[in-house]
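The chains referred to below are lettered A, B, ... by the order of the sequence lines, with proteins before strands, and numbering in each begins at 1.
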Number of protein chains: 2
Amino acid sequence: MGVTIGMAQMEVFPGDPARNGACMLRLIEEAREKAIDLLAFPEMCLPGYLLGDMWERPSFLRECEAWAERIIAATAGTPSVAVVFGTVIPDWSAKGEDGRVRKYNGYIAAQAGKAVRHPGLDRDYGIKTLLPNYREFEDPRHFHDTRKIALESGKPLESLLEPMVLDLGGRACRAGILICEDAWEDDYAHKPLAILGGKGCDFLLNLSSSPFTAGKNEKRNRVFSYKVRNLGIPLFYVNCVSLQNNGKTVFTFDGRSTAYAADGRIRAESAAFAPDLTPVALEWRGDKADLAAPQDPAAPSGGPTAKAAKPGGKAEGKAPERKTKSDAEADRHIREYHLALRYGAKAFLDSIGQDRVVIGVSGGIDSAVAAALYREILEPQNLLLVNMPSRFNSGTTRDLAKELASNLGCLYAEIGIEDSMAVTKAQLDGLEIKSPDGSKFAAISLAGFVMENVQARDRSSRILAALAASFAGVFTCNANKAEITVGYSTLYGDLGGFLVLLGDLWKSEVYALGRHLNKEIYGREAIPEGSFTIVPSAELSESQAVDEGKGDPLIYPYHDRLFFSWIQRWNRATPEEILEWYVSGTLNKELGLQGTDVHKLFAGAAAFIRDLERWWNLYNGIAVAKRVQAPPILAVSSRAFGFDHREAIGKPFYSTRYLELRRDLLGNSGKS
Amino acid sequence: MGVTIGMAQMEVFPGDPARNGACMLRLIEEAREKAIDLLAFPEMCLPGYLLGDMWERPSFLRECEAWAERIIAATAGTPSVAVVFGTVIPDWSAKGEDGRVRKYNGYIAAQAGKAVRHPGLDRDYGIKTLLPNYREFEDPRHFHDTRKIALESGKPLESLLEPMVLDLGGRACRAGILICEDAWEDDYAHKPLAILGGKGCDFLLNLSSSPFTAGKNEKRNRVFSYKVRNLGIPLFYVNCVSLQNNGKTVFTFDGRSTAYAADGRIRAESAAFAPDLTPVALEWRGDKADLAAPQDPAAPSGGPTAKAAKPGGKAEGKAPERKTKSDAEADRHIREYHLALRYGAKAFLDSIGQDRVVIGVSGGIDSAVAAALYREILEPQNLLLVNMPSRFNSGTTRDLAKELASNLGCLYAEIGIEDSMAVTKAQLDGLEIKSPDGSKFAAISLAGFVMENVQARDRSSRILAALAASFAGVFTCNANKAEITVGYSTLYGDLGGFLVLLGDLWKSEVYALGRHLNKEIYGREAIPEGSFTIVPSAELSESQAVDEGKGDPLIYPYHDRLFFSWIQRWNRATPEEILEWYVSGTLNKELGLQGTDVHKLFAGAAAFIRDLERWWNLYNGIAVAKRVQAPPILAVSSRAFGFDHREAIGKPFYSTRYLELRRDLLGNSGKS
């Protein structure tokens with residue numbers, strides 16, 4: 001005889017315990033109907049997880065407490081069902097290190113209407129031990145943890161970590177319960193998974209609230225399979241589906257709850273980006289529990305077969321960036337990106353109560369991919385594409401924009417900016433300004449870059465913003481990660497919008513995603529072929545004429561990878577490393593350039609350095625200020641701009657070693 | 001015979017170890033000239049402190065290490081001078097919990113060209129023990145600490161904290177060295193100041209990198225005086241002067257390094273917001289060290305005489321908000337605000353290499369105060385005020401704007417927006433949009449709020465942005481904290497700009513600052529009296545005609561305090577608490593309303609609740625999205641918007657208890 005454990009992969013709405021609690025109550029009833037003995041919910045499934053400083057509101061904490069009581073009460077009655085769920089646990093009698101009421105990122109195990117006592121803590125709840133504090137995670141800002149309790153109380157941490165004993169199907173089961181990072185223990189001095197695994201558990205539960213990052217799923221399967229096999233104890237990883245943000249960066253939570261048998265093999269996997277209640281049978285042979293064997297042992301359900309290889313590196317979202325992606329991996333990432341972006345765009349619109357979108361379409365690839373993505377989740381009458389030509393826009397791109405709208409069957413308008421440019425020029429160009437007493441004087445002229453930016457702002461702040469308001473919708477920002485890195489976009493212009501959906505994709509990834517959309521999703525040329533093949537260009541002056549092959553100053557195959565090395569490389573590269581590699585002839589390899597030879601791109605060291613410093617200065621200078629005012633970015637990579645890759649407005653940093661290398665190459669004048 | 005300790009209150013430039021290191025080398029030479037025996041520098045004075053994730057760059061860490069070596073080497077030679085300085089200490093052989101190279105927020109004590117061994121850690125440096133993790137602080141994100149070393153090594157923390165022994169003037173002195181938060185120990189289980197103070201120190205050093213917050217200086221004097229008196233050991237608090245930011249929020253560091261005698265009295269205080277090298281004599285009576293008695297004991301230099309009262313509450317920037325401010329306190333805060341804003345505006349401009357500023361001036365108080373502040377730090381020919389009237393702007397405000405420019409003697413222009421409005425109306429109002437196949441249709445109209453926002457965006461994104469670019473400067477955002485709280489400003493419109501200088505001041509504080517500027521700084525009516533007395537208004541429609549007394553929907557004397565309770569009250573109020581207080585008749589008192597009775601402001605419960613929910617919905621809804629794209633805000637209060645008061649874009653939270661209260665008041669229909 002065995003027991004059935006349900007992985008309750010629910011959709012969590014951050015900051016809405018009433019909605020989440022109601023969903024949990026429904027799932028408990030469903031579990032009863034399905035004869036599930038134990039229903040395991042994700043980490044922080046009642047309050048949500050990324051809530052900024054909302055944890056500082058006592059009324060919010062009380063509300064979460066009240067809902068936890070209701071969930072506990074709901075385990076009374078028959079047929080019996082036990083639950084384990086993650087939530088915030090306030091300890092009103094103690095202080096956190098911020099001086100406020102102490103809070104735990106904890107879990108409650110309940111059955112027969114009562115919370116189960118934690119034997120290690122002697123409390124009615126368990127507590128997360130390892131609090132992640134990197135990328136978007138800032139658990140220790142809000143939560144106290146078991147390690148601090150150990151240090152304060154003088155008790156060894158090991159004594160505080162104990163399995164919870166649950167009565168499941170008449171059997172006293174020992175459940176080793178961990179919260180998310182507790183199982184990503186490799187970089188921590190204390191190993192909760194190893195500690196609990198050594199205490200005679202029948203099974204392990206990992207309650208997670210784990211955001212999607214390209215490649216993290218495979219990484220988790222490698223790490224968990226390896227650890228589970230070594231411990232010889234089955235493990236249930238229960239993750240939520242959700243969209244949560246920290247203001248500047250928006251994260252999707254992909255679910256994919258997974259059951260690992262004691263040999264590390266995956267026996268069940270829940271849906272990606274959709275709520276799912278997956279029952280999994282646990283059986284005993286003698287006193288050893290394990291997942292029931294699969295129906296067809298040749299095809300374990302879902303996911304890659306666990307190889308149980310020794311995992312390299314550790315915690316979530318950190319390992320994938322360490323190696324160069326293979327083509328197959330890159331393909332898989334694009335597929336995953338697409339799932340995350342589609343779920344993310346829809347959930348973000350829902351979360352702000354919007355269902356109509358305006359997109360400025362230039363004829364280029366970025367806005368075309370954005371439009372094709374939004375068209376997947378919006379009715380055609382709720383999607384409005386707008387082309388806003390000036391004298392510098394070619395017929396080629398205007399036709400591509402219209403073709404795109406035609407392919408997608410949505411609303412389309414062409415609204416020019418020449419009349420408005422004329423007003424602004426007449427008003428400001430050549431304007432002479434004085435002090436009221438006439439003693440001071442300044443002359444205004446609109447030329448060059450100034451006029452380029454005037455055009456960009458006119459499109460977004462005048463036309464798109466007004467159209468969106470009248471259309472009762474929002475307008476998008478179509479910038480990609482390469483542009484955002486160096487601020488190759490205009491503040492209050494093309495950097496405006498409600499969300500930067502493609503802001504965590506390099507230009508090459510935007511192209512790949514476009515190909516994927518045409519081939520796999522639309523099965524036709526939804527995005528016109530011309531948008532893939534035309535030279536990328538802002539078309540803001542004669543020097544950017546696409547029909548003459550003139551376009552952006554960025555050489556994307558090179559700069560994508562150069563910028564990647566600054567932001568996503570595990571050991572962040574700076575000009576020092578770049579120049580070391582350039583000098584030693586290893587730069588192509590270090591950046592992972594394929595089909596591009598940096599030594600052929602630039603005429604020599606001076607040109608190479610001029611380009612390097614140009615972008616490094618922008619990345620660390622004005623581009624930071626632009627990002628501070630940029631819309632939220634949807635994260636898909638191992639490091640996204642915003643409040644994931646955190647940064648201060650400041651001056652670019654050049655190390656002494658860099659300056660020496662530079663002098664060696666260019667001589668003492670130092671002029672590049 | 002005694003020794004002289006120099007408080008090296010240097011100006012720290014974040015992310016620029018070369019500049020900071022060069023400054024330290026100069027100060028060491030100056031210390032030699034002044035016969036200073038020990039020169040104490042602030043926390044993190046080599047790298048800077050608020051650097052985002054720049055700590056993840058190995059080349060930056062290596063640069064800081066190399067500079068630390070140069071500082072250590074500079075202590076060789078005669079006359080001898082010892083130094084203690086705070087810096088980042090990478091431990092390349094160990095990992096932090098983020099999997100990266102381990103780093104400490106540490107300090108190095110050096111003399112005779114060598115680092116002094118730390119007897120507790122058996123390393124050539126000391127380590128910060130308490131890592132703050134609230135407001136803008138996120139030390140544990142980047143740094144490992146002594147508590148973690150204790151837990152890992154199984155050694156008691158007490159054994160790791162030991163005084164450093166320095167040879168000063170031939171005497172082996174025991175210096176108890178702490179870094180900033182280490183002395184703000186009240187909310188932590190372990191108390192580094194008490195531990196070190198119990199180990200027979202001759203004196204204590206607190207190296208700090210402590211941002212300015214209104215009232216924090218007084219708070220520090222209360223707390224430190226009390227603790228120092230109890231320990232009976234003199235303490236030197238050495239803070240930096242600096243401007244640092246975390247992208248969204250900009251912080252000033254006010255210096256004010258302070259020497260406390262063993263009885264808790266202040267014996268020396270360095271300048272506010274300016275670099276300062278203050279030598280302080282330390283004398284021994286028997287084996288007990290203390291600061292030399294002041295020349296004139298009736299007038300201890302600088303600062304209030306320490307009362308050594310028991311401090312209430314704990315760490316920096318948290319306590320002042322707990323009580324209602326007295327008038328004298330409010331006055332002192334405004335004086336301090338002014339110092340912080342003036343230093344902050346100048347240092348921020350310097351940091352981004354700008355010295356010319358454009359300000360859109362409406363005739364109202366916010367832009368007038370901003371202009372008067374910038375005029376303090378800029379030459380008149382580098383300050384350009386622009387009034388941008390539409391048909392809705394009164395002659396009254398236009399005259400006030402011009403009068404302001406005349407008073408300040410700076411450049412002034414009046415540039416209207418009617419022509420541009422006409423173009424936009426002609427292009428968009430009544431526009432009919434179809435899908436390319438004609439099957440779908442939408443009609444655009446510009447009316448009401450849509451047209452108000454069109455005007456606001458036209459002013460900032462079209463005129464101010466272009467003027468600033470041509471003027472080779474930046475333009476300002478003049479929003480105040482009340483407006484920012486509820487998003488009463490237009491994105492890409494009046495919410496645009498390079499910095500929100502007054503964004504952490506409530507409307508009442510903006511008025512008070514204006515009065516202070518006229519009276520104390522200008523000594524004349526620089527800001528026209530009319531800007532104080534006119535009704536605050538956006539003048540974007542007929543319904544906002546100032547000459548008819550029509551203006552903003554915000555009743556500032558009430559809403560300032562209501563919003564304060566949501567953001568700055570220690571236990572954040574939400575509609576639940578507000579309604580509880582309203583019902584119990586204590587709301588006036590709880591909000592600290594003076595001269596305003598909330599029960600007279602609103603006709604009854606329904607009107608009160610309608611107003612409450614209106615602003616709560618905005619604060620938690622669209623206003624968050626606006627703040628995500630707002631310029632950086634200069635922080636002066638105990639909680640500023642940005643990455644101080646962190647928040648997620650989401651839906652407003654109403655607790656079950658609130659909904660019950662509401663139902664009790666309004667009946668089951670629930671309509672307000």
Side-chain angles (χ1 to χ4, degrees), chain A residues 14-15 50-53 56-59 63 95 97-99 133-134 140-141 151-152 187-189 245-247 314 318 381 405-406 411-413 419-420 423 428 433 435-436 440 442 444-445 450 454 457 461 466 469-470 492 496 571-572 574 576 628-629 631-632 646-650 653 655, chain B residues 14-15 50-53 56-59 63 95 97-99 133-134 140-141 151-152 187-189 245-247 314 318 381 405-406 411-413 419-420 423 428 433 435-436 440 442 444-445 450 454 457 461 466 469-470 492 496 571-572 574 576 628-629 632 645-650 653 655:
Chain A
L50 301 182
L51 299 180
D53 291 341
E56 295 177 2
R57 294 179 181 166
S59 68
E63 181 83 9
K95 270 189 184 177
E97 294 183 350
D98 60 354
N133 205 1
Y134 49 82
R141 178 178 174 90
L151 195 61
E152 286 161 23
D187 288 330
Y188 297 86
N245 72 82
N246 57 23
K314 82 127 195 177
K318 283 190 248 163
Q381 69 276 17
S406 182
L411 294 167
Y412 181 73
D419 289 353
S420 173
V423 169
L428 301 182
I433 295 177
S435 57
K440 282 136 212 121
I444 301 299
S445 87
V450 176
V454 167
R457 285 189 297 267
S461 286
S470 173
Y492 322 129
N571 282 313
R572 312 275 179 250
T574 64
E576 176 181 322
V628 166
Q629 298 192 47
R646 300 182 183 184
E647 51 192 351
I649 301 168
F653 166 74
S655 69
Chain B
L50 301 182
L51 299 179
D53 291 341
E56 295 177 2
R57 294 179 181 165
S59 68
E63 182 83 11
K95 269 189 185 178
E97 292 183 350
D98 61 353
N133 205 0
Y134 48 82
R141 178 178 175 92
L151 195 61
E152 287 161 20
D187 288 330
Y188 296 86
N245 71 82
N246 58 22
K314 79 125 199 181
K318 285 189 250 167
Q381 70 275 15
S406 182
L411 294 168
Y412 181 73
D419 288 354
S420 174
V423 168
L428 301 182
I433 295 177
S435 58
K440 281 131 211 129
I444 300 299
S445 87
V450 176
V454 167
R457 285 190 296 266
S461 285
S470 173
Y492 322 131
N571 283 313
R572 311 277 180 251
T574 64
E576 176 181 321
V628 166
Q629 297 192 47
H645 180 69
R646 300 184 183 181
E647 51 193 351
I649 300 167
F653 166 72
S655 68

Salt bridge A:Asp53-B:Arg646, side-chain N to carboxylate O under 4.0 Å = no

Which one, B:Lys440, B:Glu647, B:His645, leads in non-hydrogen pairs under 4.5 Å with chain A?
-> B:Lys440

Got A:Glu63 and B:Phe653 here, is their nearest side-chain heavy-atom distance under 4.5 Å?
-> yes

Side-chain contact test, heavy atoms from C-beta onward, threshold under 4.5 Å: evaluate it for A:Glu97 versus B:Asp187 and give yes or no.
-> no

Identify which of [options] forms the greatest number of heavy-atom pairs closer than 4.5 Å to chain B.
options	value
A:Ser461, A:Pro140, A:Pro58	A:Ser461
A:Gly15, A:Ala189, A:Ala466	A:Ala466
A:Ser59, A:Ala469, A:Gly247	A:Ser59
A:Ala442, A:Ser655, A:Ala413	A:Ser655
A:Val450, A:Ile433, A:Leu428	A:Ile433
A:Val423, A:Asn245, A:Leu51	A:Asn245

So, the part of B:Glu576 with a heavy atom under 4.5 Å from chain A: the answer is side chain

Proximity breakdown for B:Pro14 and chain A, heavy-atom pairs closer than 4.5 Å | neither

